[in-house]
Amino acid sequence: MAAGASFLSLGTAHAEIAPGCGLAGFSYSTDGGRTWSVEPRLDRPYGVIEVEADLHAESEANCSYQVTLASYGTEGPAWPTSGHQTFLGSATVTVDRKHPRATLDVSAHMPKCYGQIDLYVGGEKYDGVVNPLPHYPFSPIKDDLLTAWNGGRPCEPDPTTPPVPTPTADPTDTPTSDPTPTGTAAPNPGPSTSPAPSGTATGKPSATPGHRESSQAPSPSVSVAAAPASPGGNLAHTGSNGGRMLVYGIGAATLLAVGAGTLAAARRRATHR
């Protein structure tokens with residue numbers, strides 16, 4: 001595509017269409033006619049380009065020229081790596097001395113990935129059907145190329161295309177993830193060493209730590225008032241002797257009650273006689 005540089009003459013691209021019509025000079029604009037260029041390479045893909053013919057005085061009044069803008073999809077970002085090209089669309093205009101300027105629009109057919117844009121003199125469509133597609137190093141445009149662009153990026157996967165299913169292993173062949181090895185017994189936590197709480201089923205109170213449990217049966221619950229302290233500061237004897245005195249007193253009271261009952265009964269019998 002670098003052959004476009006050979007078109008440059010005095011700052012304007014030239015092409016001879018037919019004998020007797022002379023040379024026609026062309027320039028192009030990518031910003032709506034504000035600026036014009038004859039550079040053989042585009043800095044990026046443009047879908048809309050305006051062209052202008054600079055016809056010489058020797059050109060006949062009835063001479064006309066066609067200009068085409070074509071868009072292609074490619075396999076690489078440069079002309080030597082473009083590989084197989086896919087025709088996406090083109091636009092062709094005709095210019096003459098009365099209508100030297102025209103606009104070409106292929107914005108609806110821009111490459112989405114790697115691509116190529118060609119602006120050339122002529123109305124031929126190189127679509128792979130009517131005429132052969134461009135393919136490095138063969139270019140059917142030859143010396144008619146005004147400017148071109150190659151570039152882009154790789155295509156991303158089409159989200160509408162269902163993904164290829166990944167083969168999965170047979171569930172019966174999938175190893176289990178049981179963390180416990182086969183044949184390994186669960187660890188024995190061992191006997192509990194915690195002390196038994198008070199008031200267990202044995203009915204025996206827990207022994208006080210550091211003391212031996214008494215083997216005697218508990219004494220009857222009897223309230224005994226403590227004897228007052230002696231003047232000397234020694235406590236009164238309240239052990240087994242105090243218990244005997246209490247028993248003797250209870251026995252005497254009982255005997256007195258029995259005797260009084262017997263006496264009353266004897267008097268009642270004497271009265272009834």
Side-chain angles (χ1 to χ4, degrees), residues 1-18 23-32 35-54 65-95 102-161 164:
M1 293 305 174
S6 64
F7 302 158
L8 300 184
S9 175
L10 302 177
T12 305
H14 290 75
E16 184 175 359
I17 300 302
L23 296 176
F26 292 88
S27 57
Y28 65 88
S29 174
T30 58
D31 56 7
T35 60
W36 296 86
S37 175
V38 292
E39 292 294 328
R41 301 297 299 175
L42 294 169
D43 58 348
R44 65 183 180 88
Y46 291 94
V48 179
I49 296 180
E50 191 169 353
V51 296
E52 184 177 29
D54 182 14
Y65 302 84
Q66 287 185 314
V67 180
T68 300
L69 181 65
S71 175
Y72 302 90
T74 65
E75 297 179 330
W79 169 236
T81 62
S82 58
H84 175 74
Q85 299 198 21
T86 302
F87 178 78
L88 301 178
S90 66
T92 301
V93 295
T94 301
V95 294
T103 301
L104 301 104
D105 187 351
V106 294
S107 57
H109 309 286
M110 298 297 289
K112 297 180 179 179
C113 314
Y114 292 138
Q116 178 175 305
I117 301 294
D118 289 339
L119 178 66
Y120 57 93
V121 177
E124 294 83 358
K125 183 183 296 185
Y126 301 101
D127 56 0
V129 179
V130 179
N131 294 292
L133 287 164
H135 192 286
Y136 181 83
F138 167 72
S139 174
I141 301 172
K142 298 181 181 180
D143 295 337
D144 295 332
L145 184 66
L146 298 178
T147 189
W149 170 86
N150 293 87
R153 59 183 179 180
C155 288
E156 297 180 358
D158 187 357
T160 61
T161 303
V164 179

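- Distance OH/Y65 to OG1/T94: 12.5 Å, rounded to 0.5 Å.
- Applying the side-chain hydrogen bond (donor to acceptor under 3.5 Å, both in side chains) criterion to S71, with sequence neighbours excluded, gives no partner residue.
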Inset, instruction - Please assess L133 against H84 for the test side chain to side chain contact (heavy atoms under 4.5 Å, CB included), listing each intermediate value before the final yes or no. - result: CA-CA 9 Å; L133 287 164; H84 175 74; 4.2 Å; yes
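- Remark: F87 engages Y72 in a ring pair (Phe, Tyr, Trp, His ring centres under 6.0 Å) (not counting sequence neighbours).
- Closest of all the heavy-atom pairs between P140 and P134 is CD-CA, 3.8 Å.
- Between S90 and D118 the shortest side-chain heavy-atom distance does not fall below 4.5 Å.
- Scored by the side chain to side chain contact (heavy atoms under 4.5 Å, CB included) test, T74 finds S82, Q85, Y114, Q116 as partners (sequence neighbours excluded).
- The side chain to side chain contact (heavy atoms under 4.5 Å, CB included) test applied to K112 returns no partner, not counting sequence neighbours.
- Distance alone, capped at 3.5 Å, is enough to place a donor-acceptor pair between the S29 side chain and the T35 backbone.
- Here T103 pairs with nothing under the side-chain hydrogen bond (donor to acceptor under 3.5 Å, both in side chains) rule; sequence neighbours left out.
- Contact between C113 and P154 at its shortest, heavy atoms only, is CB-C, 4.1 Å.
- Each of L88, T147, L69 was evaluated against I117; a single residue qualifies, L69, per the side chain to side chain contact (heavy atoms under 4.5 Å, CB included) test.
- Scanning for side chain to side chain contact (heavy atoms under 4.5 Å, CB included) contacts around H135 gives an empty result, with sequence neighbours left out.
- Taking both residues in full, the closest heavy atoms of A53 and V95 are given as CB-CG2, 3.8 Å, listed atom of the first, atom of the second, then distance.
- In terms of heavy-atom proximity, V106 sits nearest to A91 at CG1-N, 3.6 Å.
- For E39 against Y28, the heavy-atom pair with the smallest separation is O-OH, 2.7 Å.
- With sequence neighbours excluded, the residues forming a side chain to side chain contact (heavy atoms under 4.5 Å, CB included) with E124 are Y126, N131, listed by chain and number.
- Under the rule for a side-chain hydrogen bond (donor to acceptor under 3.5 Å, both in side chains), the partners of S107 that lie at least two apart in sequence or sit in another chain are D105.
- Atoms OH and CG, on Y46 and L119 in that order, are 13.0 Å from each other to the nearest 0.5 Å.
- Contact of the I49 side chain with the L42 side chain is registered, since non-hydrogen atoms from C-beta on lie closer than 4.5 Å.
- Side-chain atoms of P111 and W149, non-hydrogen and from C-beta on, do get closer than 4.5 Å to each other.
- Pairing each heavy atom of G122 with each of T92, the nearest pair is O-CG2, 4.4 Å.
- In this view, E50 satisfies the side-chain hydrogen bond (donor to acceptor under 3.5 Å, both in side chains) rule with no residue, not counting sequence neighbours.
- With contacts defined as side-chain heavy-atom distances shorter than 4.5 Å, the pair N150/R41 qualifies.
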